[in-house]
Amino acid sequence: MAGNGATFKQKTVQTILQKNFKDEKTKVNSDALVLVGEVLRVFVAEAASRAASQAKKDASDEVTIDYFEKILPQLMLDM
């Protein structure tokens, strides 16, 4: 969705999906790719927001991978 920050290219989304299909001949239509891309965008934005909040709680000016590791378990449960 244009104007809502970063997006994922459809080819990238398709590649991610196809790596997890059992049958390599499985196809995904463009509407499904757009939808999965939007879900990925929201997921990544939420992860970044939570990691930034965690860094702020720890009075850090920098969001490092450690903050993502702290928020990841709860983020996965919230899915």
Side-chain angles (χ1 to χ4, degrees):
M1 308 298 166
N4 291 339
T7 59
F8 289 88
K9 294 179 182 176
Q10 281 193 3
K11 184 67 175 165
T12 302
V13 175
Q14 184 175 7
T15 301
I16 291 169
L17 290 174
Q18 286 183 323
K19 288 195 177 284
N20 293 293
F21 292 149
K22 291 181 182 178
D23 183 0
E24 24 179 89
K25 294 180 184 176
T26 302
K27 304 240 188 245
V28 181
N29 73 26
S30 63
D31 289 340
L33 291 174
V34 170
L35 181 60
V36 172
E38 181 64 10
V39 169
L40 284 171
R41 187 192 67 77
V42 170
F43 180 79
V44 169
E46 182 64 20
S49 175
R50 290 186 188 195
S53 293
Q54 184 66 44
K56 187 175 181 179
K57 285 180 189 174
D58 290 349
S60 176
D61 293 334
E62 187 176 317
V63 179
T64 64
I65 193 68
D66 295 329
Y67 292 111
F68 282 96
E69 289 173 352
K70 285 183 181 181
I71 62 94
L72 191 58
Q74 187 62 49
L75 180 64
M76 298 306 292
L77 288 172
D78 290 346
M79 288 183 61

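Because only heavy atoms are used, hydrogens play no part in the values below, and waters and symmetry mates are left out as well, while side chains stay in.
- Legend: residues meeting side-chain contact (heavy atoms from CB on, under 4.5 Å) with E62, ordered by chain and number and at least two apart, are S60, T64.
- Put simply, the side chain of L17 does not reach to within 4.5 Å of the side chain of T26, judged on heavy atoms.
- L72 and M79 fall within a single hydrophobic cluster, where Ile, Leu, Val, Met, Phe, Trp and Tyr side chains are chained together by heavy-atom contacts under 4.5 Å.
- Separation of atoms CG (L40) and CD1 (I16) is listed at 5.5 Å; rounding is to 0.5 Å.
- Among pairs with a residue in residues 20-37, none fulfils salt bridge (charged side-chain N to carboxylate O under 4.0 Å, His left out), at least two apart in sequence or across chains.
- Within the 3.5 Å criterion, the main-chain N or O of K11 finds a donor-acceptor partner in the side chain of T15.
- Using a 4.5 Å heavy-atom threshold, the side chains of Q10 and V34 count as touching.
- Residue V13 is grouped with residue F21 when hydrophobic side chains (ILVMFWY) are merged at heavy-atom distances under 4.5 angstrom, including chains of intermediate members.
- Inter-residue side-chain proximity for L77 and Q74 is flagged as met; some heavy-atom pair is nearer than 4.5 Å.
- In terms of heavy atoms, R41 sits closest to F8 at N-CE1, 3.6 Å.
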Report the C-alpha distance between F43 and M76 in whole Å, list the side-chain angles of each, state the deciding distance to 0.1 Å, and finish with yes or no for side chain to side chain contact (heavy atoms under 4.5 Å, CB included).
CA-CA 10 Å; F43 180 79; M76 298 306 292; 3.9 Å; yes
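- A pairwise comparison of heavy atoms in A55 and V63 identifies CB-CG2, 3.9 Å as the closest pair.
- When hydrophobic clusters are built by joining Ile, Leu, Val, Met, Phe, Trp and Tyr residues whose side-chain heavy atoms come closer than 4.5 Å, directly or via intermediates, V44 is grouped together with L33.
- Closest heavy-atom contact between R50 and L75: NH1-CA, 3.4 Å.
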